[in-house]
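These notes concern the structure reproduced below.
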Protein chains: 2
Amino acid sequence: MAKSPPRTPVWRSIAITLTDDIAQGRYETGAKLPAEAQLAERFGVNRHTVRRALADMAEQGLVHARRGAGVFVAAKPTDYPVGKRIRFHQNIRRAGRVPSKKILRLEVLAADAREADALDLAPGDPVVVYEGLSYADDHPVALARTVFPAERLPGILEALDAHDSITAALKACGVEDYTRRETRITAKLATATQALHLRTSEGAPILRTTGISDDLNGVPIEFGRTWFAGDRVTLTVGDD
Amino acid sequence: MAKSPPRTPVWRSIAITLTDDIAQGRYETGAKLPAEAQLAERFGVNRHTVRRALADMAEQGLVHARRGAGVFVAAKPTDYPVGKRIRFHQNIRRAGRVPSKKILRLEVLAADAREADALDLAPGDPVVVYEGLSYADDHPVALARTVFPAERLPGILEALDAHDSITAALKACGVEDYTRRETRITAKLATATQALHLRTSEGAPILRTTGISDDLNGVPIEFGRTWFAGDRVTLTVGDD
DNA sequence: AGGTAGTATTTGTCTAGTTGTATAGTACAT
DNA sequence: ATGTACTATACAACTAGACAAATACTACCT
């Protein structure tokens with residue numbers, strides 16, 4: 001009978017539409033969305049189907065509901081400045097959110113060719129590999145994999161474990177300041193594990209940045225890639 | 001010893017029986033058929049066999065199923081004139097049916113580039129976005145999304161909410177008359193939500209008209225798109 | 001003005017029913 | 001052998017309605 005039934009559930013397309021409305025600024029931060037009943041009418045579905053969509057959006061921290069009051073836009077996509085000085089905690093706080101981190105992996109490995117090249121090492125030299133999740137208001141914003149030259153930064157592994165911020169850990173290793181030499185940005189689709197970490201869905205748009213940071217002497221001390229949830233983050237370049 | 005097996009499949013005879021029921025007025029247009037499970041019981045067959053029959057009928061446009069709701073007798077085709085003066089209520093009444101409308105969405109938003117261009121506004125100027133469903137004899141005929149220049153038509157939002165017809169709402173805002181500058185017609189396939197509203201299936205053929213209307217001074221006051229259920233509406237052009 | 005009660009909205013939760021899809025299996029005809 | 005017709009079962013997706021709980025609004029009283 002029906003040609004092709006919607007392979008994507010209706011509630012998901014509703015969530016996408018509303019997310020798009022918010023992302024495009026049609027509803028501002030803190031604004032109240034139309035009532036569930038009205039949205040149900042607009043989309044021609046039952047109220048429960050709308051609730052399913054809103055629940056999905058709420059889980060991603062995009063929106064939050066107050067019983068009796070309504071559903072409100074929790075957050076427009078976070079602006080994340082990309083420039084010479086990239087400090088996650090500063091960036092998030094500047095956006096009026098509370099930053100936090102979670103370490104997924106922290107170990108010493110032998111540098112591969114790419115890492116050695118970026119950090120000006122010989123292949124096989126020891127590097128500290130750090131993989132972590134960055135949160136804004138307890139919502140995952142970015143997934144990062146960063147590589148540090150182990151011999152150039154003695155004690156960096158323990159420092160990363162002890163301190164919550166990379167900046168603080170580097171300072172503990174004697175790096176007073178560091179700047180981003182270059183940042184490359186590309187668009188990707190989320191893999192299954194990335195989607196899991198970033199609490200989005202597989203195939204969702206992802207912003208991937210690749211960068212190298214130097215200390216004040218121009219010696220590379222960090223090579224890393226970061227994956228941002230594309231619909232939750234807007235990278236901004238300039239005014240640095 | 002072997003009985004002669006039915007040359008015509010069971011499902012076909014079920015389809016014929018049900019089609020006959022509809023033709024004889026046992027189920028009226030728009031009415032809900034008994035649930036598949038009940039029909040299965042009535043005919044003493046498995047539910048899937050009934051589904052096979054209903055699928056056949058749906059393909060012929062006789063019935064339409066809504067997941068979770070039921071199977072409904074489809075509506076008959078309507079003629080809809082398209083010309084310089086497009087008045088929904090007049091058009092439907094001329095076809096001997098009772099027109100009605102339902103507002104799905106009514107908000108003030110910022111105009112996007114396309115809307116601004118059509119209405120001769122600057123992008124970001126406030127526009128009233130109206131989305132509505134048009135019915136003939138309580139059967140959905142068209143889905144419309146119309147955009148009005150908010151500043152050019154003060155009070156249009158309230159007027160649209162208060163009056164049942166767009167013509168009446170515009171008159172309340174001082175627009176005595178308006179004519180369609182141009183109408184473009186294309187064929188599309190129904191999206192999931194469009195299909196839900198128009199009570200047809202996703203992927204069903206859709207007639208989409210895009211048009212701009214001017215007031216008597218030639219100032220654009222309306223930019224809208226309308227989606228008609230292709231197998232239930234015939235657009236007619238001429239004698240204007 | 002200010003508080004209070006009542007009413008209407010709005011989200012949260014629950015139960016039940018219906019169609020859509022997938023899988024597995026039997027009978028039978030060509 | 002292969003395909004068609006049909007049965008059987010299970011689950012997912014969506015609808016429908018009802019009620020509870022929290023909130024917002026309005027009219028009224030003091």
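The chains referred to below are lettered A, B, ... by the order of the sequence lines, with proteins before strands, and numbering in each begins at 1.
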Distance test, side-chain N/O of Arg51(B) to OP1/OP2 of dG20(C), below 4.0 Å: yes

In terms of the nearest nucleotide of DNA chain D, which residue is placed more toward the 5' end: Asn46(B) or Gly68(A)? Asn46(B)

OP1 or OP2 of dT15(D) versus the side-chain N and O atoms of Thr49(A): is any pair under 4.0 Å? yes

When you measure from the side-chain N and O atoms of Trp11(A) to the phosphate of dA13(D), is any distance below 4.0 Å, counting only OP1 and OP2? no

Checking Thr49(B) against Arg52(B): is there a side-chain donor and acceptor pair closer than 3.5 Å? no

Tell me: CZ of Phe72(B) to C1' of dC14(D), nearest whole Å? 12 Å

Just compare dT7(D), dG12(C), dT18(C) and give me whichever is closest to any side-chain atom of Gln38(B). dT18(C)

Could you point out which residue of Ile92(B), Thr167(B), Ile166(B) forms a side-chain contact (heavy atoms from CB on, under 4.5 Å) with Arg87(B)? Thr167(B)

Aromatic ring pairing Phe88(B)/Tyr80(B), orientation class (parallel under 30°, perpendicular over 60°, tilted between): tilted

Which one, dT11(C), dT19(C), dA5(D), comes nearest to the side chain of Glu36(B)? dT19(C)

Please state how far atom CG in Leu196(B) lies from atom C1' in dG20(C), giving the value in whole angstrom units. 13 Å

Does dC6(D) have OP1 or OP2 under 4.0 Å away from a side-chain N or O of Arg52(B)? no

For Arg66(A), which contact category applies under a 4.0 Å heavy-atom criterion: base, sugar-phosphate, or nothing? sugar-phosphate

Whole-Å gap separating C1' (dC14(D)) and NE2 (His64(B)): 13 Å

Assign each of Val71(A) and His48(A) the nucleotide of DNA chain C bearing its closest heavy atom; nearer the 5' end lies the nucleotide of Val71(A)

Among the candidates dG20(C), dC6(D), dC14(D), find the nucleotide nearest to the side-chain atoms of Val10(B). dC6(D)

Using whole Å, report how far CZ of Arg67(A) lies from P of dT11(C). 11 Å

Under 3.5 Å, is there a donor-acceptor pair between the Glu107(B) and Tyr27(A) side chains? yes

